[in-house]
Structure formats: structure tokens, C-alpha cells
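Let me begin by presenting the structure, written as C-alpha cells, before commenting on it.
All ligand and atom numbering here is 1-based and tracks the order in the structure. Just so it is clear, the model here is predicted, and its values are computed rather than measured.
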Amino acid sequence: MTRHFITTQDWSFGDLSALIDHAVRLKERPIQPLLAGRTVALVFFNPSLRTRASFEIGAWQMGAHAVVLEPGGAAWPIEFADGAIMDGVAEEHVREAARVLGRYCDLIAVRCFPKFRDWSVDREDTVIRAFAAHAGVPVVNMETITHPCQELAHLMALREHFGTDDLGGKKYVLTWTYHPKPLNTAVANSAAMIATRAGMDVTLLCPDERFLLDERYMDAAARNAADSGGSFTVSHDIESAYSGADVVYAKSWGAIPFYGRWEDEKPIRDANRHFIVDEQKMALTNNAVFSHCLPARRNIKATDAVMDSPGSLIIEEAANRLHVQKALMASLIGGQN
Ligand code: CP
């Protein structure tokens, strides 16, 4: 059966750790022909800086060729609904697009954000699931409703910073932050899952219960914590959440009860600008490291002082995207050394 990387929950923690171990070796010795003669398709339905650059460069560093496709831009718009009468803008169906790419390429990576109109539709992750169903080759999630590659880079950065693979007992705060627009919950879902898998004591800090994550990810985080010996709690109190924290991870996301009614959510989000990560909040912590997946609006999500502080892992985490994705591609379609 073809193995995909759509959510880390489908992979054992041992397998994820092995990817990070390989990434550490690749970071030390980046040019290795582990994918010589291979081809990968990078399918972007949304913009990117880090993901596109790191996958494309990573493929090259391992001897593979990457082709970047932007459906609806320089590539044909694609239909995903089974049985669709295709009289709209789409010129081909995923049943053809995925199978054709699967004949050219050894791996297909897909970025497709939610449409932000109906969460009951978006939560099905239809686009990447369709690629996985039809491609016949491994499919990698470059961010849909989760961001598993970011999880690997984040965990790698934390292990590097703390100098240990055992993060059990660390107090980890996943804090909602203000952003002028409602953003994807993907990175927050992912952070909750990987931090609990790593056995940390995870606090989800958000303005109120309307900003809780989808129950699928809340439940996964709780289950992970029970399995790993960590914990998963929710807090709406900034001071107690930050107090004694070892890790502060920031992300903004839209409140799911208002999904598709974002004009109703806006006053609530606007009233919570004070969730910005600043020096005063970080002073409550146990000299915590700060990180964010990037891109991040400075002095909106986090102050300049926090972004540029010695404990800021933002650049190292982004850098690690290159190494973990190389390890992932090598695991799926190459060799390891
Ligand atoms: N973190 C991340 O995925 O960055 P990009 O959106 O720039 O790819």
C-alpha cells in the first residue's frame, strides 16, 4: 500500500523521530544523492515562501527534479467533486490530474488551504485526500487543514534547543494571537498534536471557547497526551498560561463557530489584540523559547523584541523545514544513510 504523509497521526512517534534523526544528519551533510533520478510534483493552490523554496531546494540537493504546478494559475483549474458536471471553470478532474502526475512523478506534494466558507466541507480535506486516492504514488501534505511538515521542523528545533529528544514535562503554551484576518487552523491543529505526542504539558491559550480547535484535533491532542504521559489543557487566562512556560508557540486562527460568517467574528477578534506575544508575557515564563511557523506580522502577533530575542526559534524552525522534508522524501521514495 502506498504510504502518504497527510497527518502525523498516521505515523508512529518512533517513525517521526527517525525522520528527525535523519534530518539532523542531512543538516550536517546536505548534499546526498538519495533521490537521484527521481521527480516530485509540488502542487500549490495557495502562496508560499518557505514551503516552495525548501521542497524545491531539498529535492535538488538530493538529486531529484521538482516541478512546481499552480492549478488555476499556470496549470489548469481542477475539479474535485465526484460526478460533477464540469460546466464551471475547471478544465480537468483530479481523477485525471493526479493519475497523470503519478505517471510522471515519484511523489506529489500538495498545498491547499481551506476555502473558509463551510468548515463541515473544509474539514474533510477533500483535495489532498483525492490526490492520495488517485495518484498511485506517495502524497505529502504541504499544508491543508494540518501542517505536518511544520510539525517536524518545530519538534526538531525544540529538540535542538533543549539538547534532548525527551521533552516530557516541558510546559508548552500554544497561544492564539490576533491577526486582522481569520486564518487557517492548520498550524494550531498540528502544534497541539505534535506537542502532546512529545509528552509535553500543553496549554491551549485562546480568548474564549469559541476559539477552540475542531474536536477532531482537541480529541487527538487529549489522546496523545494520555498516551505520552503529557497533558492537554485549555486556558483563557494569559498570566497563568504563560507562568513557568518553557515553550511559547504563537498562531492566529479563525473561530470555527463563525466559519463563513467572518464579519460577525471580526469584533471578537479585534477585542483580543492584547494576545500579542510581548516581553511582559515572556517575562512570566521559565525563560521560554518562542516560535511561530512564519509568515508572521511583526508587532501584531509578536513584538519585534520577542521575534528578535535570543530565545526566538523562528528562523531555526523555518530552516529545519528543508532538512525534515528531505528526510521525509528520502523515507517515502529514496534511501537513508
Ligand atoms: N510556514 C510555512 O509553511 O511557510 P510558507 O507559507 O511561506 O510556505
Minimal non-hydrogen separation, R111 against S48, with atom names: NH1-CB, 3.4 Å
Determine whether the side chains of E317 and Y249 contain a donor N or O and an acceptor N or O closer than 3.5 Å. yes
Identity and separation of the nearest protein heavy atom to atom 4 (O) of ligand 1: R50 NE, 2.9 Å
Using a 6.0 Å distance limit plus a 45 degree cone around the ring axis, check whether R3 lies over the aromatic ring of W11. yes
Quick one: look at V187 and ligand 1, take heavy-atom pairs under 4.0 Å, and tell me if it's side chain, backbone, both or neither. neither
Heavy-atom closest pair, residues L212 and C206: CD2-SG, 4.1 Å
Between L152 and I20, what is the shortest heavy-atom contact and its length? O-CD1, 3.8 Å
Note: ligand 1 atoms sitting under 4.0 Å from heavy atoms of R321 are 1 (N), 2 (C), 3 (O)
Using every non-hydrogen atom in the two residues, find where K251 and K301 come nearest and quote the distance to one decimal. NZ-NZ, 4.2 Å
Numbered in order shown, the ligand 1 atoms found under 4.0 Å of a heavy atom of C293 are 1 (N)
Should R95 and D82 count as an ion pair when the cut-off is N to O under 4.0 Å? yes
For S48, the ligand 1 atoms with a heavy-atom partner under 4.0 Å come out as 5 (P), 7 (O), 8 (O)
Taking 4.0 Å as the limit for heavy-atom contacts, which would you say applies to R111 with ligand 1: side chain only, backbone only, both, or neither? side chain
May I ask you to check whether P295 has an N/O atom sitting below 3.5 Å from an N/O atom of ligand 1? no
Which part of M142 is near ligand 1, with near meaning a heavy atom under 4.0 Å away: side chain, backbone, both or neither? neither
Numbering as shown, the atoms of ligand 1 that approach L49 to under 4.0 Å (heavy-atom distance): 5 (P), 7 (O), 8 (O)
Here the atoms of ligand 1 under 4.0 Å from any heavy atom belonging to Q150 are 1 (N), 2 (C), 3 (O)
